[in-house]
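These notes are about the structure you will find just below.
Keep in mind that the numbers below use all heavy atoms, side chains included, and drop hydrogens, waters and symmetry copies. Predicted, not measured: the structure shown is a model, and the values here were computed from it.
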Amino acid sequence: MTTPRKQSKKVAEISDDSVPVTPTATSSTETIGQIVIPDDPMTPTVTTPETVPSPQAGKDVLRRVLDVPKGKRAVPTLVSYRNVWTGEKRFLIIDVPEPVLRTAWSEWKAATGQTDPEVFIGDVCSVLDTDYPRLYRNVVPLDL
């Protein structure tokens with residue numbers, strides 16, 4: 001017994017006249033949102049490796065940012081943050097003016113790719129060659 005053959009479907013031919021032609025850019029790729037579609041997908045693309053942030057780069061940035069003389073009226077900064085692992089709120093006082101510490105935090109994050117405040121505080125204390133400040137888990141403000 002033989003199996004019946006499947007009927008083949010005819011593919012309609014498309015002529016060049018029926019396909020609308022839109023002008024393309026002169027570059028070899030077309031960008032749609034964040035996706036890059038090359039004109040010739042068989043052409044290999046060369047990508048440059050991204051620079052991997054290093055902890056040493058963070059300390060170098062902190063040395064540069066924190067190496068400013070404190071003014072006579074400079075006051076320490078009360079820092080508060082949430083622990084990354086437990087979510088507990090932490091408070092500590094660092095003897096660096098707030099604008100300088102804020103700049104150090106943003107540049108340190110960019111240089112290291114990290115966002116852990118405890119690692120940042122550790123690096124700041126290492127660069128300033130000071131003891132780790134006393135960490136308070138719970139505080140109650142009292143203005144006298």
>> Taking salt bridge (Lys or Arg N to Asp or Glu O under 4.0 Å) as the cut-off, I'd like each qualifying pair that reaches into residues 95-112, sequence neighbours left out, listed once.
In response: R64-E107, K70-D95, E98-R102
Review item, side-chain donor-acceptor pairs of residues 85-92, under 3.5 Å, at least two apart:
from	atom 1	to	atom 2	distance (Å)
T86	OG1	N83	OD1	3.4
T86	OG1	E88	N	3.3
E88	OE1	R90	NH2	2.9
R90	NH1	E118	OE2	3.4

> Among all residues two or more places apart in sequence or in another chain, which pass the side chain to side chain contact (heavy atoms under 4.5 Å, CB included) test with V119?
Replying inline: W108, Q114, D116, D123
>> For the backbone of G122 and the side chain of S126, can you confirm whether one donor and one acceptor N or O come within less than 3.5 Å of each other?
In response: no
> Taking only residues two or more places apart in sequence, or in another chain, which ones meet T130 in a side chain to side chain contact (heavy atoms under 4.5 Å, CB included)?
Replying inline: C125, L128
> What are the two closest non-hydrogen atoms of L62 and F120, and how far apart are they?
Replying inline: CD2-CE1, 3.7 Å
> CG/L101 to CD1/I121 distance, rounded to the nearest 0.5 angstrom?
Replying inline: 6.0 Å
>> Test of understanding: with side chain to side chain contact (heavy atoms under 4.5 Å, CB included), list the residues that count as partners of V100, not counting sequence neighbours.
In response: V65, L66, V68, V96, P97
